[in-house]
Amino acid sequence: MEEKLEQQVTRGLGHQIAPKSYPFPTEVISLPSKGLCYPENSPLAKGEITIKLMTAKEEDILTSSNLIKKGIHLDKLLESVVVEHGVNIADLLIGDKNAILISSRILAFGPEYGVTITDPESGDPIDVNVDLSKIKIKEIDESILNRQNEYPFTLPVSKTPIKFKLLNHNDEMLINKDIEASEKTLKQGNEITARYRRIIIEVDGNRDLGYISNFVSNRLLAGDSKALRKHMGSITPDLDLTFEYESPLTGEKEALRIPFGVDFFYPAD
């Protein structure tokens with residue numbers, strides 16, 4: 001059922017004929033969504049995508065102080081490595097984008113990722129090596145997914161029926177802009193409400209953006225918010241971004257989330 005990302009990354013080599021030839025090394029990788037959330041006429045609907053292997057050009061992107069300062073170096077990297085004809089990276093679901101970035105890192109520098117984590121028992125910093133090739137695609141009920149990317153849900157506390165969508169790369173960029181604007185004007189963040197304004201597309205049959213914004217700000221109860229996040233997490237195609245950590249103090253094993261710091265694309269020499 002679950003395929004290792006390493007298998008996903010290498011499956012295209014020598015086994016599939018690319019739809020066109022490229023003047024640089026490429027690889028075909030599978031998408032966590034399997035293409036099930038995209039319109040049938042989208043090139044992403046086939047559930048896989050062709051990417052180029054990182055070169056010195058991409059290293060320039062990742063080391064550009066200007067791009068890093070603006071926080072868009074990974075966005076520019078994504079634009080550079082996705083070479084599939086007709087694909088707009090803005091349309092990529094977040095989980096599919098994660099798969100492309102992690103696959104690019106594995107193909108460029110190998111699966112070993114050295115990070116410092118906090119031991120859950122002692123609170124001490126511990127250096128560990130994470131094998132990125134062991135990352136698996138998260139198991140979900142794929143029968144729920146649809147090409148309209150619209151999903152009904154009744155908020156359990158208020159009993160309000162809503163419809164929501166799974167976020168794509170464009171939504172994520174717009175959310176970040178909303179948060180930045182709020183921090184500048186109101187001097188406070190609004191990450192939760194900014195995200196819900198993009199996620200929720202209908203409230204009790206009403207799709208007016210002003211109505212939805214007002215609902216999110218004034219009528220979305222905390223209990224309903226928590227339930228919606230949990231439900232979305234259960235159906236969102238993505239990678240299982242955890243690894244098994246064994247405490248050197250107790251020997252107990254625990255699943256911890258992989259920390260993706262600024263050095264993710266800068267492995268030690």
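Quick caveat, the model's predicted, so the values are computed rather than measured.
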- Message: Is it true that, when you exclude E191 itself, more than 12 heavy atoms of the residues, nucleotides or ligands shown sit nearer than 6.0 Å to its CD?
- Response: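 Not more than 12 within 6.0 Å, no.
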
Does the side chain of [Y] come within less than 4.5 Å of [X]'s, by heavy atoms?
X: T50; Y: V28; value: yes
X: T242; Y: L256; value: no
X: I140; Y: L145; value: yes
X: D127; Y: I117; value: no
X: P156; Y: D224; value: yes
X: K138; Y: P237; value: no
X: L36; Y: E142; value: yes
X: N170; Y: L174; value: yes

- Message: Between V216 and V203, is the side chain to side chain contact (heavy atoms under 4.5 Å, CB included) condition met? List the steps.
- Response: CA-CA 10 Å; V216 167; V203 176; over 6 Å; no

- Message: With side chain to side chain donor-acceptor pair (under 3.5 Å) as the criterion, how do T236 and D238 come out once you've worked through the C-alpha distance, each side chain's angles and the decisive distance to 0.1 Å?
- Response: CA-CA 6 Å; T236 299; D238 205 341; over 6 Å; no

Determine whether a donor-acceptor pair (N or O, by modelled atom type, separation under 3.5 Å) exists between the side chain of [X] and the backbone of [Y].
X: K97; Y: I89; answer: no
X: D240; Y: I137; answer: no
X: T250; Y: S247; answer: no
X: Y113; Y: I258; answer: no
X: Y196; Y: S225; answer: yes
X: K34; Y: L31; answer: no
X: T193; Y: N190; answer: yes

- Test: R195 and D171 ion pair at under 4.0 Å: no

- Item | Salt-bridge contact K46-E84 (side-chain N to carboxylate O under 4.0 Å) |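 Between E84 and K46 there is a salt bridge, with a charged N closer than 4.0 Å to a carboxylate O.
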
As an exercise, state the distance from [atom1] of [X] to [atom2] of [Y], rounded to the nearest 0.5 Å.
X: E48; Y: S33; atom1: CD; atom2: OG; answer: 11.5 Å
X: K76; Y: L67; atom1: NZ; atom2: CG; answer: 7.0 Å
X: L220; Y: S158; atom1: CG; atom2: OG; answer: 7.5 Å
X: I192; Y: R197; atom1: CD1; atom2: CZ; answer: 11.5 Å
X: L132; Y: F264; atom1: CG; atom2: CZ; answer: 5.0 Å
X: I72; Y: E79; atom1: CD1; atom2: CD; answer: 8.0 Å

Can you give me the closest heavy-atom contact between [X] and [Y], atom names plus distance?
X: P259; Y: F243; answer: CD-CE2, 4.4 Å
X: H73; Y: I61; answer: O-CG2, 3.5 Å
X: S104; Y: V81; answer: OG-CG2, 3.9 Å
X: L93; Y: L166; answer: CD2-O, 3.8 Å
X: I175; Y: A194; answer: CG1-O, 3.9 Å
X: P43; Y: V87; answer: CG-CG2, 3.7 Å

- Kindly indicate, with the supporting measurements, whether the criterion side chain to side chain contact (heavy atoms under 4.5 Å, CB included) is fulfilled by I102 and L239. CA-CA 10 Å; I102 291 176; L239 303 176; 3.7 Å; yes

- Would you check, one step at a time, whether the test side chain to side chain donor-acceptor pair (under 3.5 Å) holds for S64 with N66? CA-CA 5 Å; S64 168; N66 185 44; 5.2 Å; no

Verify same cluster id: [X], [Y] (apolar side-chain graph, 4.5 Å):
X: L209; Y: I162; result: no
X: F164; Y: Y211; result: yes
X: L53; Y: F109; result: yes
X: M54; Y: I68; result: yes
X: L221; Y: F215; result: no

- Task: Could you walk me through whether D178 and R198 pass the salt bridge (charged side-chain N to carboxylate O under 4.0 Å, His left out) test, one step at a time?
- Result: CA-CA 10 Å; D178 287 345; R198 300 290 173 184; 3.5 Å; yes

- Can you list every side-chain hydrogen bond (donor to acceptor under 3.5 Å, both in side chains) pair that touches residues 147-157, not counting sequence neighbours? E150-R207

- Message: Does E58 form a side chain to side chain donor-acceptor pair (under 3.5 Å) with S80? I'd like the steps, not just the answer.
- Response: CA-CA 7 Å; E58 282 68 44; S80 185; 2.4 Å; yes

- Query: Can you list the steps and then say if C37 with N146 is a side chain to side chain contact (heavy atoms under 4.5 Å, CB included)?
  - Reply: CA-CA 5 Å; C37 305; N146 62 71; over 6 Å; no

- Given the rule in the side chain to side chain contact (heavy atoms under 4.5 Å, CB included) test, do E252 and E121 qualify, once you have shown the distances and angles that lead to the verdict? CA-CA 10 Å; E252 293 185 2; E121 295 293 328; 4.1 Å; yes

- Sequence-distant partners of S42, side chain to side chain contact (heavy atoms under 4.5 Å, CB included), two or more places apart: Y38, P39, L44

- Test side chain to side chain contact (heavy atoms under 4.5 Å, CB included) applied to I94 - qualifying residues, sequence neighbours left out: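 Testing I94 for side chain to side chain contact (heavy atoms under 4.5 Å, CB included), a comparison that skips the adjacent residues, returns N98, L167, E172.
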
